[in-house]
S.K.: 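Got a structure for you, questions after.
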Amino acid sequence: MTRILFSDKLDNCVTRWQSAGFSVIGPVTKDTFSSYAAVEHASDFDLGIVLPDRSLKELFFPQTEPMLRYTIKQQAINTEDFTPPSGKRLIFGVRPCDAAGLSIDDPLFGWDYKDEYWFQRRNDSVIVTIACTKSDDFCLCTSLKLAPDTTNGSDILLRPLENNKGWQVEELTDRGREAFLTIAEFLQEGSEPAAPMAVVPEMFDLDTCVAWLQNPENFESKFWKDISMRCIGCGSCTYLCPTCHCFDIQDEGDTYSGIRRKNWDSCSFALFTMHTSGHNPRSTQSARWRQRIMHKFNYFPGKFSVNSCSGCGRCSRQCPVDMGITETLQKISTLHS
Amino acid sequence: MITQEKYRSKAKKLLADGSVKMVIGYSPGSTADRRRPLFVRSFEEADQLVLDSNCIANLSGYLVTEGLLSDEKRVAIFLRPEGIRSLNILAAESQLNVDQIIIFGFDSIGREVSSLSGEHAGEFSELISSIKENPPEKSSEPLLYQIEQMNPQERFAFWKEEFSRCIKCYACRQSCPMCYCRRCIVDSNQPQWVNTSSHTLGNFEWNIVRAFHLAGRCVGCGNCDRSCPVNIPLRLINARMAAEVLESFDHFAGMSTTQEPVLASFKKEDSETFIL
Ligand code: SF4
Ligand code: SF4
Ligand code: SF4
Ligand code: SF4
């Protein structure tokens, strides 16, 4: 026997969570476009999509965020901090790759300086993940040694039953258990079997790729030029990626008053590494694409023992010139290190 | 298929006899209907070229890749009519020497692909004039028509909603053959003319700046619109600007390699309705 949440009880749960003080968020499709957004009712969720177009990261690390306000008057400089917004959130219907993305970035945001914007939101949020029974041509979690029912980063894992009847409930953390205590009366014991998981074929052997990337001789390989010739250097892959985390600090305003903001930035842009002198150490797109791959599969794991990719496939799905992590790693896996 | 074979052989011939150093075309992509840009430098690689109705992207932007044409060697490129128009503009704006470009022109109706006759930019002027004279039916773009019927408040609300999704990834700019500036105005930070933040104001600033810089230059290839990862209907903005310059100045972008840029030229008979 396992605990079951039946679909027809989901709206009761949403209402209950809301009265318990949670803002309830989940995958929502508007016109042709989907993202994680606040809902009023369970019927606002779009649980039928493979995964939302936009990733979960932006609920923790928004594209632009005010940090402080400054005013300078005569001799006096005044600053006023913007503290991260707080408030309990329950994010329902998260995809395992998006949840895993959060756990990948946790050590990064907590390494030397504890980023209070990230962690305030992490502590305030309950992640209720639904394992995947559907995938598309671009999903690659299994190639990253994850799976359609990976629990990394989740507080609750729900396993779908056949015919969208509901979900088996697996509580993973105290935070998840607490949030599900509030809806205990809507859960039932049952023996309904879970629907089969999505079958996501492995696209490359990750260990072979990592070994090639770690070999310093390959840093200057002709491979980088060939693979990235068509890359136009936009920020689409980085900005949709649930794990890309680079940002830029900008003062908006004038000499006397303004706001300091933290904005997304991308290693695909030439400006990312441009020096004041005009010299650019990463002067070609191939050097920038190499950086993105090296960072994800060599430098980041070297520091934090985890790859900076959860296999959501968004970078390939949305690339204007049909590039992405998959093609690059597939090709690397066939090279001889 | 016939057109694909014809151009494959032509690519092989030009590469083999050294008349071009590269052919820029399309290859199969990661799904059945995706095509990806391909840079062919040898006889053997030419067999990877595909040409069918899924070859939609305007590839002309690759011609201004830094250093590509500086050795004065020639490059061949697959272009649809809009691509040829954007090549004309690149030449008219002194971004390249058009004599270095061999055009593999093509177009498609439904799934049927046909080749265009001519291989140098100057040979397509009749075709381009006929496109100018026969604009697409209004009904082909119902959303544009719908927006034109809105009052200014409704229109503002419409675009505010659309731009609220913009993440400033600049895929629209990077994919646009007309956005070739080595340093875009939004990347200038001494002074910072345009906010880099992707909030409502910043997103408006960005999209309006781009719309103005494309006025009279956009050829309607749709690269920006297809590249936008958050599905903002960018083509509508540029189509509107194109209609505006056509009506006010009888200017149709990309007519020839010597066409004067509409916003950088002045004629006594220009209408001045917009000067208050
Ligand atoms: S790989 Fe694709 S999405 Fe990423 S920067 Fe290059 S063109 Fe843009
Ligand atoms: S690198 Fe690509 S596949 Fe990996 S997490 Fe980022 S967007 Fe997803
Ligand atoms: S492509 Fe779309 S999201 Fe990206 S900057 Fe342009 S309008 Fe914004
Ligand atoms: S603005 Fe868009 S449609 Fe116009 S030329 Fe540029 S990419 Fe093509």
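In what follows, every chain begins at residue 1, and chains take the letters A, B, ... in the order their sequences are listed.
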S.K.: Less than 4.5 Å to any heavy atom of chain B: does that hold for the side chain of D322(A), its backbone, both, or neither?
M.R.: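 Contact with chain B: backbone and side chain both.
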S.K.: Taking atom CD of Q149(B) as the centre, does the number of heavy atoms from other residues, nucleotides or ligands within less than 6.0 Å exceed 12?
M.R.: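 Atom CD in Q149(B) is packed in, count exceeds 12.
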S.K.: Given that the side chain runs from C-beta out, which part of E327(A) has a heavy atom under 4.5 Å from chain B: side chain, backbone, both or neither?
M.R.: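 E327(A) touches chain B through side-chain heavy atoms alone.
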S.K.: Measure across N231(B) and F33(A) and return the closest heavy-atom pair with its distance rounded to 0.1 Å.
M.R.: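 Reported closest heavy-atom pair: ND2-CD1, 4.0 Å.
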S.K.: Side chains of E252(A) and H199(B) only: does a donor on one sit below 3.5 Å from an acceptor on the other?
M.R.: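 Present: a donor and an acceptor within the cut-off.
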S.K.: Measure across F138(A) and S30(B) and return the closest heavy-atom pair with its distance rounded to 0.1 Å.
M.R.: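 Closest heavy-atom pair between F138(A) and S30(B): CE2-OG, 3.5 Å.
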S.K.: More than 12 foreign heavy atoms under 6.0 Å from NZ of K225(A): is that the case here?
M.R.: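 No, the 6.0 Å shell around NZ holds no more than 12 heavy atoms from other groups.
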S.K.: Using non-hydrogen atoms only, which part of K30(A) is less than 4.5 Å away from chain B: side chain, backbone, both, or neither?
M.R.: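 The answer is the side chain of K30(A).
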S.K.: Quick check: does any side chain N or O of Q63(A) sit under 3.5 Å from a backbone N or O of I167(B), one acting as donor and the other as acceptor?
M.R.: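 Not at all, since once roles are kept as given, no pair shorter than 3.5 Å links the two residues.
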S.K.: Which atoms of F39(B) come close to chain A, meaning under 4.5 Å heavy atom to heavy atom: side chain ones, backbone ones, both, or neither?
M.R.: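 Only the side chain of F39(B) comes within 4.5 Å of chain A.
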S.K.: Please state whether the side chain, the backbone, both or neither of E66(B) comes within less than 4.5 Å of a heavy atom of chain A.
M.R.: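 Neither part.
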S.K.: Using heavy-atom distances under 4.5 Å, tell me whether R183(B) contacts chain A through its side chain, its backbone, both, or neither.
M.R.: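 For R183(B), side-chain heavy atoms alone lie under 4.5 Å from chain A.
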S.K.: What part of C176(B) is in contact with chain A, defined as an atom under 4.5 angstrom from a non-hydrogen atom: side chain, backbone, both or neither?
M.R.: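 For C176(B), neither part sits under 4.5 Å from chain A.
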S.K.: So, for S316(A) and R34(B), which heavy atoms are closest and what is the spacing to 0.1 Å?
M.R.: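 Minimum heavy-atom contact is O-NH1, 3.0 Å.
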S.K.: Please classify the contact of S35(A) with chain B as side chain, backbone, both or neither, using a heavy-atom distance under 4.5 Å.
M.R.: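 Interface part for S35(A): neither.
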S.K.: What's the shortest heavy-atom distance between Q318(A) and P229(B), and which atoms?
M.R.: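 That would be NE2-O, 3.5 Å.
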S.K.: Measuring from L271(A):CG to C184(B):SG, what's the distance to the nearest 0.5 Å?
M.R.: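 Output value for this atom pair is 10.0 Å.
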S.K.: Take atom CD of E40(A) as the centre, draw a 6.0 Å sphere, and report whether it contains more than 12 heavy atoms from other residues, nucleotides or ligands.
M.R.: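 It does not: E40(A) CD has 12 such atoms or fewer within range.
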S.K.: What part of D265(A) gets closer than 4.5 Å to chain B, counting heavy atoms only: side chain, backbone, both or neither?
M.R.: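 When you check distances to chain B, no heavy atom of D265(A) falls under 4.5 Å.
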S.K.: Return the option, out of R173(B), K168(B), R226(B), with the maximum number of heavy-atom pairs under 4.5 Å with chain A.
M.R.: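 Ranked by heavy-atom pairs under 4.5 Å with chain A, first place is K168(B).
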S.K.: Nearest 0.5 angstrom please: D251(A) CG to N189(B) CG, how far?
M.R.: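 Between D251(A) CG and N189(B) CG, I get 12.0 Å after rounding to 0.5 Å.
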S.K.: Give, as side chain, backbone, both or neither, the part of T32(A) having an atom under 4.5 angstrom from any heavy atom of chain B.
M.R.: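 For T32(A), the contact with chain B is made by backbone and side chain together.
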S.K.: For R230(A) versus Y62(B), what's the shortest heavy-atom pair and its separation?
M.R.: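 Closest approach of R230(A) to Y62(B), heavy atoms only: O-OH, 2.5 Å.
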S.K.: Examine whether an atom of A57(B) lies under 4.5 Å from a heavy atom of chain A, and if so say whether it belongs to the side chain, the backbone or both; otherwise answer neither.
M.R.: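 No part of A57(B) comes within 4.5 Å of chain A.
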S.K.: Should Q250(A) and T196(B) count as side-chain neighbours, where that means a heavy-atom distance under 4.5 Å?
M.R.: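 Counting from C-beta outward, Q250(A) and T196(B) do come under 4.5 Å.
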S.K.: Could you go step by step and tell me if C234(A) and Y170(B) meet the side-chain contact (heavy atoms from CB on, under 4.5 Å) rule?
M.R.: CA-CA 6 Å; C234(A) 64; Y170(B) 300 134; 5.6 Å; no
S.K.: Evaluate the side-chain hydrogen bond (donor to acceptor under 3.5 Å, both in side chains) criterion for residues T31(B) and D137(A): first the C-alpha distance (whole Å), next the side-chain angles of each, then the deciding distance (0.1 Å), finally the verdict.
M.R.: CA-CA 8 Å; T31(B) 62; D137(A) 292 343; 5.5 Å; no
S.K.: Heavy-atom distances under 4.5 Å only: say whether R54(A) touches chain B with side chain, backbone, both or neither.
M.R.: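 Just its side chain gets close to chain B.
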S.K.: For I249(A), I'd like to know if atom CD1 has over 12 heavy atoms of other residues, nucleotides or ligands within 6.0 Å.
M.R.: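 Result for CD1/I249(A): enclosed.
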S.K.: A171(B), S227(B), G202(B), S198(B): which one forms the most heavy-atom pairs within less than 4.5 Å of chain A?
M.R.: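 Max contact count across the listed options: S198(B).
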S.K.: So for M274(A), is it side chain, backbone, both, or neither that comes closer than 4.5 Å to the heavy atoms of chain B?
M.R.: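 Side chain of M274(A) only, per the 4.5 Å heavy-atom cut-off to chain B.
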S.K.: Can you establish whether the number of heavy atoms outside R165(B) located under 6.0 Å from its atom CZ is more than 12?
M.R.: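 Yes, enclosed.
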